[in-house]
Amino acid sequence: MKKLNRREFVRTGSGTALTASVAPAALATAPPATSKRSSRKFRIAIIGVGNRGRLFLKASLDRFNVDVPALCDFREEAAQRGVRMVREKLGYEPDTYTDGPNDYQRLLERDDVDAVFITTPTWWHGPMAIASLRAHKHVFSEVPACNTIQEGWDLVRAAQETDAKYFMAENLCFTRSNMMILNAVEQGVFGTLSFAECGYIHEARNLQFNEDGSLNWRGSLNSRTDLIANTYPTHALGPTSMWFGIPRGDQLRQCVSMMTPARSFRDYSIERFGPDSPGATATWNGDNTVSLIRTERGAVIFLRFDICSPRPHHMDFYTLQGAKASYDDEAGMFVDGKSKDWEPVSDYYGRYDHPFWTRHGKAALRTGHGGGDYFVVEHFYKCLTEDKTPGIDVYDAVTWSSLIPLSAKSVRENGATQEVPDYTEGQWKNRRRYDWSNG
Ligand SMILES: NC(=O)c1ccc[n+]([C@@H]2O[C@H](COP(=O)([O-])OP(=O)(O)OC[C@H]3O[C@@H](n4cnc5c(N)ncnc54)[C@H](O)[C@@H]3O)[C@@H](O)[C@H]2O)c1
């Protein structure tokens, strides 16, 4: 059977894609064409059809009513994997944009794409999101949002100048325990918050290299001299910021960062690929970067980043101290006046499970990152369907991501204090916490 690309498919009227292709403006309501949960059809594109891109493409095809007019990846084979997925589910082939790293700009010229999923290496997220918003496409961005302070401002301005929605998909905000703590904080269990520890501690030495020992995009990122320090803060800082309400009632104010010498990546590279391998001489990120951050309301957050020291993965490194209670991901919960000692976190699930979690937890647990990968997709489509601003919006995203350049600058300046830019321009005092109870 001849395979149709999407345009031919639409021209011949071979299926439900016809409805989408002639739908007028973005977010137009289409007749319920499938049994999927949303009766609205969204026209999506994926930029970066690698692991994460395919994950979100599959979730969209399986769970939502989507049309996929286009895919972009400068690796032809990656784009073609996505094409096969779309063909299998929707019966046509999307157009592909594979002509180099800037071909996404051509994709953004299309008027039949409502939303883009940006799932490229981290340094592309900012420029691609800015361009997408300027092209009036809704944005689902992988973490982090941006890598420089200026990029953060440009992203804020681009979001302010359009009606298109911006969502940073920080999936670790949506694990069961992190959502439960959020719910308990908002119910007053912790009282006033004073201190938290959080970290991304995920030994990922093997993920930095191609098979021949050359550096892949992760290796290139972690040996970029302008970014050396914490290149990936939002998995740790995102959930913590939600608990403190940053920037929604409190705001990051200052930080200092220190880094230990770079040993583990180099040693690993020499051992695995030899003393002349690219990783043996690269200017690697230090083994540990530790930041101390002070908030406007006087709380202190300890943030650690370590992706190369040999140790088992510690995905949930979070502690939280309030005036009335304490949480420690390993020790458990302690509520003053009620607990005699640490109590298992699981004892608190029944009472404080977040309603968003309760509604979707069972299905979510079938997906990755403690269910977080389910919730980010769920939330994004809900915001599109109900035309509401996502709960991790551009101000949350750039504030949490600012620890990348700030930690790098502090390390370069021997631990000097850095002022955190207030991307909300004072609005953090009035910005309300997002009500996640309805998703
Ligand atoms: N939230 C999470 O838990 C989580 C987990 C893993 C990765 N990530 C993030 O997701 C992003 C993607 O990670 P991944 O594991 O899918 O990586 P990947 O290497 O599997 O996929 C990235 C894809 O982007 C493509 N690409 C690179 N530059 C491009 C460009 N300019 N235009 C078009 N395509 C381009 C690559 O060819 C590749 O196919 C990264 O930013 C990563 O940090 C997040």
Side-chain angles (χ1 to χ4, degrees), residues 45-59 70-85 94-108 116-132 139-147 151 167-175 178 200-202 204 206-211 214-222 224 227 230-239 285 305 307 313-316 364 367-377 379-380 392 397 400-401 404:
I46 310 284
I47 306 179
V49 198
N51 290 325
R52 301 297 286 173
R54 288 195 304 277
L55 182 90
F56 297 128
L57 177 59
K58 179 170 180 353
L71 298 172
C72 172
D73 196 304
F74 59 42
R75 289 187 305 125
E76 177 71 36
E77 73 275 18
Q80 286 308 321
R81 282 183 78 174
V83 166
R84 287 195 291 278
M85 290 167 68
D95 294 337
T96 56
Y97 294 79
T98 56
D99 194 11
N102 293 315
D103 211 21
Y104 72 93
Q105 291 168 354
R106 250 177 358 106
L107 181 153
L108 293 177
V116 293
F117 286 69
I118 298 174
T119 43
T120 44
T122 58
W123 60 83
W124 282 107
H125 300 173
M128 286 176 170
I130 292 163
S132 302
V139 169
F140 174 109
S141 171
E142 253 300 354
V143 298
C146 53
N147 282 290
E151 222 171 64
F167 174 54
M168 185 179 77
E170 183 34 84
N171 47 352
L172 288 204
C173 291
F174 303 98
T175 65
N178 286 347
Y200 186 61
I201 305 177
H202 178 193
N206 63 328
L207 297 184
Q208 316 295 314
F209 303 94
N210 296 313
E211 283 187 3
S214 57
L215 306 188
N216 64 18
W217 71 258
R218 286 185 169 85
S220 305
L221 173 72
N222 287 303
R224 247 180 79 163
L227 292 183
N230 188 336
T231 53
Y232 208 55
T234 67
H235 280 343
L237 206 48
N285 213 336
F305 173 74
I307 56 168
H313 190 182
H314 189 170
M315 187 174 105
D316 286 310
T367 69
H369 296 94
D373 290 344
Y374 182 96
F375 283 95
V376 288
V377 179
H379 180 64
F380 184 61
I392 302 175
W400 306 349
S401 303
I404 297 173

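In each ligand, atom 1 is the first atom listed, and ligand 1 is the first ligand listed. Throughout, numbering of the chain's residues begins at 1 and tracks the sequence.
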Atoms in ligand 1 flagged as close to [X], the criterion being non-hydrogen separation under 4.0 Å:
X    : result
P101 : 30 (C), 31 (N), 32 (N)
T122 : 41 (O), 43 (O)
M128 : 30 (C), 31 (N), 32 (N)
H369 : 3 (O)
H235 : 1 (N), 2 (C), 3 (O)
D73  : 23 (C), 24 (O), 25 (C), 33 (C), 34 (N), 36 (C), 37 (O), 38 (C), 39 (O)

So, [X] side chain and [Y] main chain: donor-acceptor pair closer than 3.5 Å or not?
X    : Y    : result
D103 : T98  : yes
E170 : H235 : yes
D373 : N171 : no
T367 : Y374 : yes
H369 : T175 : no

Within the 4.0 Å heavy-atom cut-off, what E142 brings close to ligand 1 is side chain

Would you say the side chain of I307 lies within less than 4.5 Å of the side chain of Y232, judging by non-hydrogen atoms?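 The answer is no, as the side chains (C-beta and beyond) never meet within the 4.5 Å cut-off.
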
Going by heavy atoms, is R218 under 4.0 Å from ligand 1? yes

Give a yes/no verdict on whether any heavy atom in Y232 is under 4.0 Å from an atom of ligand 1. yes

List the atom of [X], the atom of [Y], and the distance in Å for their closest heavy-atom pair.
X    : Y    : result
P144 : I404 : CG-CD1, 3.5 Å
P239 : C173 : N-SG, 3.6 Å
R81  : R84  : CG-NH2, 3.2 Å

Looking only at protein heavy atoms, which one is nearest to [atom], and how far off is it?
atom                    : answer
atom 16 (O) of ligand 1 : R52 N, 2.8 Å
atom 3 (O) of ligand 1  : N171 ND2, 2.9 Å
atom 27 (C) of ligand 1 : P121 CD, 3.2 Å
atom 21 (O) of ligand 1 : G50 CA, 3.3 Å
atom 19 (O) of ligand 1 : W217 NE1, 2.9 Å
atom 24 (O) of ligand 1 : G48 CA, 3.5 Å
atom 20 (O) of ligand 1 : N51 N, 3.0 Å
atom 29 (C) of ligand 1 : F74 CE2, 3.4 Å

Option from M128, E142, M168 for which side-chain contact (heavy atoms from CB on, under 4.5 Å) with I118 holds: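 Per the side-chain contact (heavy atoms from CB on, under 4.5 Å) rule, the option paired with I118 is M128, out of M128, E142, M168.
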
By the definition side-chain contact (heavy atoms from CB on, under 4.5 Å), identify the one residue from F74, W124, Y97 that meets it with Y104.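 For Y104, the side-chain contact (heavy atoms from CB on, under 4.5 Å) test succeeds with only one of F74, W124, Y97, which is W124.
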
In Å, rounded to the nearest 0.5 Å, how long is the span from CD1 of I47 to CG of D73? 10.5 Å

I'd like to check whether Y104 has a polar contact with ligand 1, where a contact means an N/O of the residue lying under 3.5 Å from an N/O of the ligand.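 Looking only at distances, the answer is no, because the N/O contact criterion of under 3.5 Å is not met.
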
Using distance alone, decide if ligand 1 has a nitrogen or oxygen within less than 3.5 Å of any nitrogen or oxygen in D373. no

Select the closest option to atom 40 (C) of ligand 1 among N102, T120, T119, judged by heavy-atom distance. T120

